[in-house]
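First the proteins, then the strands, lettered A, B, ... as listed; each starts at 1. All values below come from the heavy atoms of this structure, side chains included, with hydrogens, waters and symmetry mates left out.
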There are 2 protein chains.
Amino acid sequence: MAENAVRADTSTRTVERALDLLGVVCDGGAVSLTDAAREAGLSASTALRLLRTMETSGFVRKDDDGYRAGMRIVQLGALALSHESLVPLAAEAMKRLVAETGESAYLNVPASGGPNAGHGIYIAVQEGTHSVRHTSWVGRSIELRGTAAGQVLRGETPAAGYVVVSNGVEPDVTAVAAPVLVGGQIVAALSVVAPSYRVSDDEAHRIGALLAAEASTILSDRPAA
Amino acid sequence: MAENAVRADTSTRTVERALDLLGVVCDGGAVSLTDAAREAGLSASTALRLLRTMETSGFVRKDDDGYRAGMRIVQLGALALSHESLVPLAAEAMKRLVAETGESAYLNVPASGGPNAGHGIYIAVQEGTHSVRHTSWVGRSIELRGTAAGQVLRGETPAAGYVVVSNGVEPDVTAVAAPVLVGGQIVAALSVVAPSYRVSDDEAHRIGALLAAEASTILSDRPAA
DNA sequence: ATTTGTATTTCACTTATTGAAACTTGCTTT
DNA sequence: AAAGCAAGTTTCAATAAGTGAAATACAAAT
């Protein structure tokens, strides 16, 4: 943590430290003061003061086992999720998918507008290198039935971690999708769609494995292996 | 913002300010520097410095329209939901509710600081056995007016310990909700939602009593009686 | 009772933070 | 084109906010 050496003078050291510490606390279950201080590179008394500040404002909570993420971070995280923040988060993963498969990648979320919506929405697209489609998909609906992304959004992902649909709603098209999960809950579907003539069974499963791996990185700290 | 008058000397003013400002930014879509500074009660130059700090560490991002929630808050929020915090704690209670009622169970938190927020956020769903819907609601908004969960989040729970709303915002739907409390503070609403044709008055009250009992176990050490 | 490790408090010191003022930028109006 | 206005950005003197080493408290193990 040699942040002092590289810190621009337009920043605020105290806040940086607090936010680092917040990351440490959110990274696992309970963490002790001593461990949190060590991981953040702070003295115990400094870490205690910062943790107490974040506890007062609800970002952190303390129980018998140590410090944990508090309700405030949950609220702000969920709030951020409801404001299109998933799109920039997924951008790198989608670019990698396009680079790896040559096909177009899509991000879908469930539609709002009541519990009978029955469809999803495209919120992001990365066109593949082979793509002959240049129409914009963002904002459009997707059926939950007969589509790979739809199955994912319906919670019907098999244990393999992805869904393959060949010649479903759209003839001559193979779609592969994997869920983006938060706390075990499905918040989005990441998918790759290609003409069936270009995708063998083996290729579909290779893409599926890629998708599952990329989807699992979108809301975590760790990059794809 | 008379925080100077009441601030304990165990806290850190700079961090408090930054976290307040983070809440302001996460509360909506894009916010300008001037508006963010005013809402947080800071000078423009102080707010700019704090926002830059949070931008550098990824908690906030800036685009042409202003400042928005950054990837880091989404990641930490997702991590917080995944670890031993409210969602996993509520999962067992929600599963029991689904098993007992056959209907879908939901967990909502206030969107931001308390009953004037105007809406809440879904952070967990357990689908009922009768459910024809399989869409995810994490991150979605819920109106506080005309909904059972909304009334609970607004602090309007009657002495019975639960709220029943039939044919409210949503026609032909009955919703029952109870508060999850920490130290007397409402941190979440636990609810069950079903089509009204399936839920008599008596059944709604039975579900309400179940909900109140389950909600009371979520953040306590004691199992349901 | 002693030892060890974690958590908490204390306080002298200094530097990190602050915000008013000046400046820059961009847009609108005259 | 010039003037006006608002938002954004930079500057810098002043001070109080933040720091961490040391002391203290606490709890568990021996």
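Counting only heavy atoms from C-beta on, R49(B) has its side chain closest to dT17(C) among dG20(D), dT17(C), dT9(D). The S32(B) side chain lies nearest to dG8(D) when the options are dG8(D), dA7(C), dT8(C). Residue L50(B) has its side chain nearest to dT18(C) when only dT9(D), dT18(C), dT8(C) are considered.
To the nearest angstrom, P of dG18(D) lies 15 Å from CG of L21(A). Nucleotide dG20(D) holds its P atom 7 Å from the CG atom of L42(A), rounded to whole Å. Atom OH of Y67(B) and atom P of dA7(D) are 14 Å apart (whole Å). Taking atom CG on L51(A) and atom C1' on dG20(D), their separation rounds to 16 Å, with Å as the unit. What separates CD of E16(B) from P of dT18(C) is a distance of 12 Å, to the nearest Å. Atoms CZ (R13(A)) and C1' (dT18(C)) sit 16 Å apart, rounded to a whole Å. The distance from atom CG of L48(B) to atom P of dT17(C) is 15 Å, rounded to the nearest whole Å. Atom pair E55(A):CD and dA7(C):P shows a separation of 13 Å (rounding to whole Å applied).
With hydrogens and angles left out, the side chain of S45(A) and the base of dG20(D) share a donor-acceptor pair within 3.5 Å. Side chain R17(A) to base dG18(D): no donor-acceptor pair is found below 3.5 Å.
In this model, the phosphate group of dG5(C) is not approached by any side-chain N or O of T34(A) to a distance below 4.0 Å at OP1 or OP2. Checking the phosphate oxygens (OP1, OP2) of dG18(D), no side-chain nitrogen or oxygen of T46(A) falls inside 4.0 Å. T14(A) has a side-chain polar atom (N or O) that falls below the 4.0 Å cut-off from OP1 or OP2 of dT17(C). For the pair R52(A) and dT9(C), the criterion of a side-chain N or O lying under 4.0 Å from OP1 or OP2 is met.
Nearer the 5' end of DNA chain C, as judged by each residue's closest nucleotide, is the contact made by K62(A), out of K62(A) and S43(B). With the nearest nucleotide of DNA chain C identified for both V15(A) and L33(A), L33(A) has the one nearer the 5' end.
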Trace of the salt bridge (charged side-chain N to carboxylate O under 4.0 Å, His left out) decision for E16(B) with R13(B): CA-CA 5 Å; E16(B) 284 172 20; R13(B) 186 180 72 160; over 6 Å; no
Stepwise side chain to side chain contact (heavy atoms under 4.5 Å, CB included) check, R96(B) with T217(B): CA-CA 12 Å; R96(B) 285 195 294 269; T217(B) 69; 4.0 Å; yes
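The pair D35(A)-R38(A) meets the salt-bridge criterion, with a side-chain N (NZ, NE, NH1 or NH2) lying under 4.0 Å from an Asp/Glu carboxylate O. A salt bridge does not link E55(B) with R52(B): none of the charged nitrogens is closer than 4.0 Å to a carboxylate oxygen.
For the 3.5 Å distance criterion, the side chains of R154(B) and Q151(B) fail to qualify, holding no donor opposite an acceptor.
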